Amino acid sequence: MVEPLVRRMPDLVTDSMFAEGRAETLRYHEDLYASTPLGAANSWLLEPDQLVLKAIELSRGANPILAFDLGAGVGRHTIPMAQGLAAGSKVIAVDVIPSAIAHLKTNCAAAGVSDMVTPVVGDLEKFTFDTSMVAGLIVGFSAVEHVSSITAMRALLCRCAAATAPGGLVALGIFADRIEELVDGTIRPALVEFDLDSMTVHTVLDEVFPSWIIEYTHTGAEHVPEERDGIPYQLESTLIQFIGRKPR
Ligand SMILES: C[S@@+](CC[C@H](N)C(=O)[O-])C[C@H]1O[C@@H](n2cnc3c(N)ncnc32)[C@H](O)[C@@H]1O
């Protein structure tokens, strides 16, 4: 694992850093979703992540639940959630990019799950849960870290914890320690909304979900080939996976 050469303090992120990281997040995903269909080989859209399949398995019961897919993209996890949860369950799929939600609607229709899914264009930075409902499952895969600061991420996770029903699950995949390695070995900081290191993620998870039952946790290195301005690079990061169950 290559160590980042440049590290910014998480809560010293400036408006321009955030704006630059946010613009890149939007550009990268808009381009990807326009060019790469759900299920495409050699892309992360090929199949759902095992973490989410595990969370669906752990959530499956006789009774319908309300579930959320935060930062849902084009529905890679929304669809298996709708298919795998008990009949009558509902999935609210939230993404900040309108074209992602448009693709998600098309993909849900093709999978025959449109009537179980409520697509929402929204920013997780400000997203609040309807307090009249409690969630049986909240998924955030490569999503909750796309806000303006560690304070904003922690606040979002606190809102997730509060919105979860006793016995319900929160399943998170959070990418940290992101750097970009060019083909000649040059290393540069990743263009993200704010720098996040894995130690901080573990600390925040411990603080926000203190007495929760840990159903699954794993931390490991990830290597994703990407391209910006026609220049290929490898995105190196640490993926922190967490499935917690709220005590009854
Ligand atoms: C790496 S993709 C993951 C998509 C999906 N969770 C999956 O695993 O297939 C991150 C998604 O989060 C969305 N996103 C990023 N920042 C967001 C925000 N602040 N609010 C809502 N969605 C956001 C992006 O538009 C993108 O679709």
Side-chain angles (χ1 to χ4, degrees), residues 1-36 43-44 70-74 94-103 120-128 140-160 172-205 207-208 219 221-240:
M1 175 76 188
V2 186
E3 280 303 309
L5 294 182
V6 178
R7 185 165 291 297
R8 299 186 291 247
M9 292 295 288
D11 256 1
L12 295 183
V13 64
T14 64
D15 287 351
S16 69
M17 281 177 203
F18 172 63
E20 213 185 338
R22 168 42 39 118
E24 174 57 12
T25 294
L26 299 179
R27 181 211 64 81
Y28 168 80
H29 289 96
E30 281 167 353
D31 286 359
L32 179 75
Y33 298 153
S35 63
T36 311
S43 81
W44 54 261
L70 303 180
V74 297
V94 183
D95 202 284
V96 73
I97 299 180
S99 65
I101 290 295
H103 287 296
V120 175
V121 176
D123 188 344
L124 297 177
E125 181 96 16
K126 299 194 178 71
F127 182 77
T128 53
F141 194 91
S142 186
V144 300
E145 61 273 43
H146 288 292
V147 291
S148 61
S149 65
I150 187 64
T151 304
M153 188 182 99
R154 183 199 300 262
L156 171 60
L157 293 178
C158 287
R159 297 197 293 277
C160 292
L172 302 167
I174 301 177
F175 287 84
D177 307 328
R178 294 189 194 215
I179 52 163
E180 297 175 358
E181 185 170 4
L182 303 177
V183 283
D184 65 0
T186 308
I187 290 172
R188 64 188 184 194
L191 266 182
V192 287
E193 284 85 349
F194 72 102
D195 263 358
L196 180 62
D197 65 82
S198 39
M199 288 289 288
T200 302
V201 175
H202 286 291
T203 303
V204 169
L205 291 175
E207 287 170 0
V208 175
T219 298
E222 290 283 314
H223 322 276
V224 181
E226 293 188 354
E227 191 179 300
R228 183 163 64 250
D229 301 330
I231 300 170
Y233 63 90
Q234 182 99 337
L235 179 64
E236 302 284 349
S237 63
T238 307
L239 173 60
I240 297 104

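Computed from a predicted model, the values in this text were never measured in an experiment.
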Nearest 0.5 Å, what's the [atom1]-[atom2] distance between [X] and [Y]?
| X | Y | atom1 | atom2 | value |
| --- | --- | --- | --- | --- |
| Arg178 | Glu145 | CZ | CD | 5.5 Å |
| Asp95 | His103 | CG | NE2 | 11.0 Å |
| Ser149 | Met17 | OG | CE | 12.5 Å |
| Leu205 | Ile240 | CG | CD1 | 7.5 Å |
| Glu181 | His223 | CD | NE2 | 10.0 Å |

Worksheet item: Quick one: does Val96's side chain get under 4.5 Å of Thr25's, heavy atoms only?
Response: no
Worksheet item: Any side-chain heavy atom of Thr238 within less than 4.5 Å of one from Val201?
Response: no
Holding to side chain to side chain donor-acceptor pair (under 3.5 Å), I want the full list of residues that pass it with [X], two or more places apart in sequence or in another chain.
| X | result |
| --- | --- |
| Arg22 | Glu193 |
| Thr186 | Asp184 |
| Asp123 | none |
| Thr219 | His202 |

Worksheet item: By side-chain contact (heavy atoms from CB on, under 4.5 Å), which residues pair with Val94, not counting sequence neighbours?
Response: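 If we apply the side-chain contact (heavy atoms from CB on, under 4.5 Å) test to Val94, skipping adjacent residues, the hits are Leu70, Ile92, Val120, Leu124, Phe127.
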Worksheet item: Counting N and O atoms only, with roles assigned by atom type, does the side chain of Asp177 sit under 3.5 Å from a partner on the main chain of Ser198, one being a donor and the other an acceptor?
Response: yes
Discussion item. I'd like to know if the side chain of Thr36 reaches the main chain of Leu32, judged simply by a donor and an acceptor atom lying under 3.5 Å from each other, with no hydrogens or angles considered.
Written reply: yes
Shortest non-hydrogen contact from [X] toward [Y]:
| X | Y | value |
| --- | --- | --- |
| Arg27 | Glu227 | NH2-O, 3.6 Å |
| Ser99 | Glu30 | OG-CG, 4.0 Å |
| Ser237 | Phe175 | OG-CD2, 3.3 Å |
| Val144 | Val147 | O-CG2, 3.4 Å |
| Ala143 | Gly71 | CB-CA, 3.8 Å |
| Ala190 | Leu235 | CB-CD1, 4.0 Å |

Item to complete: List for me each residue that meets ring pair (Phe, Tyr, Trp, His ring centres under 6.0 Å) alongside His29, sequence neighbours excluded, and say none if there are none.
Response: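 Tyr33.
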Fill in: ring pair (Phe, Tyr, Trp, His ring centres under 6.0 Å) involving Tyr233 - partner list, sequence neighbours excluded
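Tyr233: no ring pair (Phe, Tyr, Trp, His ring centres under 6.0 Å) contacts found.
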Practice prompt. For Glu125, check salt bridge (charged side-chain N to carboxylate O under 4.0 Å, His left out) against everything at least two apart and list the hits.
Written response: none
Discussion item. Checking Arg154 now: which residues fulfil salt bridge (charged side-chain N to carboxylate O under 4.0 Å, His left out) with it, not counting sequence neighbours?
Written reply: Glu207
Fill in: Residue pair Val204, Ile174: steps toward the side chain to side chain contact (heavy atoms under 4.5 Å, CB included) verdict
CA-CA 12 Å; Val204 169; Ile174 301 177; over 6 Å; no
Worksheet item: Pick one: which of Arg188, Glu236, Gln234 meets side-chain contact (heavy atoms from CB on, under 4.5 Å) with Ile179?
Response: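 With Ile179 as partner, side-chain contact (heavy atoms from CB on, under 4.5 Å) holds for just one option, Glu236.
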